[in-house]
Amino acid sequence: MAFQFKSTNEVLAGHGGLPIFGQILRHLPVINRLLASTVPEAQAPDISHAEVVLSYLGLLAQGDNDYDHIEAVRQDPFFKMALEIELVPSSATLRQRLNQAAAAEPNAQWGQAMNESSDALLHQYAQIQPITIGK
């Protein structure tokens, strides 16, 4: 098999599966729960809680788990469009907001919202059968 190299003026993105991931996330209950949640140290943030979490989940979906990796996609229109967000937080904002939410648990209920969304995702898309062990 021979490789062909071509030049183009098109914008190329290496995260083509991100739109599917974004659509799945948009149908989970976590988004509305995050928008309605209260984090005492971030009462009226410029970047919503949902945008912060979606941005981080977008990083995780691409195999990046370092907060600083968000800087590479902050101005990427494809990343924003795929996750249906307007603003991508800076690495400092991402780190700070996630720490603030963790400190506000269980009142912020981010953990509970994420657990419920994980359950909904698995229930909707995975064919899982319960296993009974013993009695």
Side-chain angles (χ1 to χ4, degrees):
M1 178 173 162
F3 289 99
Q4 291 185 358
F5 296 95
K6 296 180 181 181
S7 64
T8 180
N9 292 330
E10 296 291 323
V11 176
L12 301 177
H15 39 264
L18 207 52
I20 295 168
F21 184 69
Q23 288 301 305
I24 290 170
L25 289 176
R26 282 287 167 190
H27 290 94
L28 295 177
V30 70
I31 304 305
N32 291 331
R33 295 278 303 275
L34 290 172
L35 290 172
S37 71
T38 301
V39 176
E41 294 180 24
Q43 291 289 337
D46 292 334
I47 298 177
S48 73
H49 301 324
E51 287 174 316
V52 168
V53 171
L54 287 171
S55 295
Y56 190 60
L57 291 175
L59 281 182
L60 292 175
Q62 297 177 85
D64 294 328
N65 65 350
D66 190 313
Y67 298 131
D68 292 332
H69 291 160
I70 197 73
E71 297 300 332
V73 295
R74 285 191 70 204
Q75 302 305 318
D76 183 352
F78 183 83
F79 187 83
K80 293 176 186 177
M81 187 176 13
L83 296 173
E84 296 182 21
I85 55 178
E86 291 182 34
L87 299 171
V88 177
S90 67
S91 61
T93 299
L94 182 62
R95 178 182 293 109
Q96 183 180 39
R97 186 76 58 79
L98 292 176
N99 286 338
Q100 289 168 339
E105 287 296 325
N107 294 335
Q109 298 182 353
W110 283 29
Q112 182 180 352
M114 294 303 289
N115 287 339
E116 289 173 7
S117 290
S118 294
D119 291 347
L121 181 65
L122 288 172
H123 181 71
Q124 185 173 355
Y125 294 104
Q127 300 297 320
I128 297 176
Q129 298 296 321
I131 298 172
T132 305
I133 299 173
K135 296 181 183 180

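Computed from a predicted model, the values in this text were never measured in an experiment.
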Trainee: Could you check whether any side-chain heavy atom of Ile31 comes within less than 4.5 Å of a side-chain heavy atom of Leu28, counting everything from C-beta outward?
Mentor: no

Trainee: Are there more than 12 heavy atoms of other residues, nucleotides or ligands under 6.0 Å from atom CD of Glu41?
Mentor: no

Trainee: Would you indicate whether the side-chain heavy atoms of Val52 and Gln96 approach each other to under 4.5 Å?
Mentor: no

Trainee: To the nearest 0.5 Å, what is the distance between OG (Ser91) and CZ (Arg74)?
Mentor: 8.0 Å

Trainee: Do the non-hydrogen side-chain atoms of Leu59 and Asn65 ever get within less than 4.5 Å of each other?
Mentor: no

Trainee: Between atom CG of Leu54 and atom CG of Leu87, what is the distance when rounded to the nearest 0.5 Å?
Mentor: 12.5 Å

Trainee: Has the side chain of Gln100 got a donor or acceptor atom that lies under 3.5 Å from a matching backbone atom of Pro40?
Mentor: no

Trainee: Once rounded to the nearest 0.5 Å, what's the spacing between atom CD of Glu51 and atom CG of Asp46?
Mentor: 10.0 Å

Trainee: Atom OG in Ser55, atom CD1 in Ile85: separation rounded to 0.5 Å?
Mentor: 3.5 Å

Trainee: Would you check if the side chain of Asn99 reaches a backbone N or O of Arg95 as a donor-acceptor pair within less than 3.5 Å?
Mentor: yes

Trainee: Side chains of Ser90 and Glu71, heavy atoms from C-beta outward: is any pair under 4.5 Å?
Mentor: yes

Trainee: If the threshold is 4.0 Å, N to carboxylate O, is there a salt bridge linking Arg26 and Glu84?
Mentor: yes

Trainee: Using only atom types and a distance under 3.5 Å, with no angle test, would you say the side chain of Ser37 pairs donor to acceptor with the backbone of Leu34?
Mentor: yes

Trainee: Test side-chain contact (heavy atoms from CB on, under 4.5 Å) on Ile70 and Tyr56; report intermediate values, then the result.
Mentor: CA-CA 8 Å; Ile70 197 73; Tyr56 190 60; over 6 Å; no

Trainee: Please tell me if the side chains of Val73 and Phe78 come closer than 4.5 Å, counting only heavy atoms from C-beta onward.
Mentor: no

Trainee: I'd like to know whether His49 forms a side-chain contact (heavy atoms from CB on, under 4.5 Å) with Trp110, so could you lay out the CA-CA distance, the side-chain angles of the two residues, the decisive distance to 0.1 Å, and finally the verdict.
Mentor: CA-CA 10 Å; His49 301 324; Trp110 283 29; 3.3 Å; yes

Trainee: Does Arg97 use its side chain to pair, donor to acceptor, with the backbone of Ile47 at less than 3.5 Å?
Mentor: yes

Trainee: I want to check something: taking the side chain as every heavy atom from C-beta on, are Thr38 and Asn107 in contact at a cut-off of under 4.5 Å?
Mentor: no

Trainee: Whether the side chain of Gln62 engages the backbone of Gly58 through a donor-acceptor N/O pair (distance < 3.5 Å, no angle test) should be reported.
Mentor: yes

Trainee: Would you check, one step at a time, whether the test side-chain contact (heavy atoms from CB on, under 4.5 Å) holds for Gln75 with Val88?
Mentor: CA-CA 8 Å; Gln75 302 305 318; Val88 177; over 6 Å; no

Trainee: What do you reckon, is CD1 of Ile20 surrounded by more than 12 foreign heavy atoms closer than 6.0 Å?
Mentor: no

Trainee: Going from CG on Leu18 to CG on Leu83, what distance comes out if it is rounded to the nearest 0.5 angstrom?
Mentor: 4.5 Å

